[in-house]
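Input: a single structure, listed below in structure tokens.
Lettering follows sequence order; numbering is per chain, from 1.
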2 protein chains.
Amino acid sequence: MLFPMSRNPEEPVYNRIEAARISLGLSRQELADKAGVHYQTIGYLEREEYSPSLVLALRIAKALNQEVSELFSLNPIKKGK
Amino acid sequence: MLFPMSRNPEEPVYNRIEAARISLGLSRQELADKAGVHYQTIGYLEREEYSPSLVLALRIAKALNQEVSELFSLNPIKKGK
DNA sequence: GAGTTATGTTGCATTAATGCTACATAGCAT
DNA sequence: ATGCTATGTAGCATTAATGCAACATAACTC
């Protein structure tokens, strides 16, 4: 798989968007609406096909009531919580 | 002044990069090296001429030993603190 | 079966973020 | 005065992030 990812193809960004979204009982469309983006964009992010802009990351974090650092990481997300 | 800013021209991202950098006694060049970006990029960010990618925001936060949410905000940065 | 919802996939167009180069300026040394 | 460092500015090229449309599919309900 390719990692286009920002300006740094070598350093992808991992996230827990899907888990956080599901735990709130939201569909992608609903999260997209709360964050003000296209619903496909949420899909791309959950599949980690690319990493978001900071603006988008901040909006998603707000929509999910999470800290940016809890949702996104430069290191692979550890499974246990 | 214009606000190109990500995909959302209406919603800029504010930051405290300069204050944090100076309090660590770093030049832009040094911070840029630590974050792995061009030194001009730090300048653009400090002047808030555009907002960084999430990857870059995470790297800068790490280089400055700060939380992303402490360095960047969707709301204007309050002076005190 | 028909319809709806949620998701995945592909492709295309636009634009902002970044790198880089060059030049200017100001300050601070020597 | 000469140099060096830090910074601002402008321009150009590249590419990733996003929007959007179209289509497929699976699950579920009626």
In this structure, how many angstroms lie between the [atom2] atom of [N] and the [atom1] atom of [X], rounded?
| X | N | atom1 | atom2 | value |
| --- | --- | --- | --- | --- |
| B:Leu56 | C:dT18 | CG | C1' | 9 Å |
| A:Tyr39 | C:dT4 | OH | P | 16 Å |
| A:Tyr50 | C:dA17 | OH | C1' | 15 Å |
| B:Asp33 | C:dG19 | CG | P | 11 Å |
| B:Glu48 | D:dT7 | CD | P | 16 Å |
| A:Ile42 | C:dT9 | CD1 | P | 16 Å |
| B:Arg47 | D:dA6 | CZ | C1' | 12 Å |
| B:Glu49 | D:dT7 | CD | C1' | 12 Å |

*Output yes when a side-chain donor or acceptor of A:Asn15 lies under 3.5 Å from a complementary backbone atom of A:Leu45, and no otherwise.*
yes
*Does B:Glu46 use its side chain to pair, donor to acceptor, with the backbone of B:Gly43 at less than 3.5 Å?*
no
Of the candidate nucleotides [options], which contains the atom at the shortest distance from the side chain of [X]?
| X | options | answer |
| --- | --- | --- |
| A:His38 | C:dT7, C:dT18, D:dG19 | D:dG19 |
| B:Pro52 | D:dA22, C:dT18, D:dT18 | C:dT18 |
| B:Tyr44 | D:dG11, D:dT7, D:dC20 | D:dG11 |
| A:Arg21 | C:dT7, D:dA17, D:dG19 | C:dT7 |
| A:Leu45 | D:dT7, D:dT9, D:dT18 | D:dT18 |

*If only side-chain N and O atoms of B:Ser27 are considered, is one of them under 4.0 Å from the OP1 or OP2 phosphate oxygen of D:dT5?*
no
*Do any side-chain nitrogens or oxygens of B:Thr41 fall under 4.0 Å of OP1 or OP2 in C:dG19?*
yes
*Could a donor-acceptor pair under 3.5 angstrom be found where the side chain of B:Gln40 meets the base of D:dT9?*
yes
*Per the atom types in the model, does the base of D:dT7 pair as donor or acceptor with the side chain of B:Gln29 at under 3.5 Å?*
no
*asked:* Testing the basics here: between B:Val68 and B:Ala57, what is the closest heavy-atom pair and its distance to 0.1 Å?
replied: CG2-O, 4.3 Å
_Check: A:Ile60 and A:Val37 side chains under 4.5 Å, non-hydrogen atoms_ = no
*Would a hydrophobic clustering, with Ile, Leu, Val, Met, Phe, Trp and Tyr connected at side-chain separations under 4.5 Å, put A:Tyr39 with A:Leu56?*
no
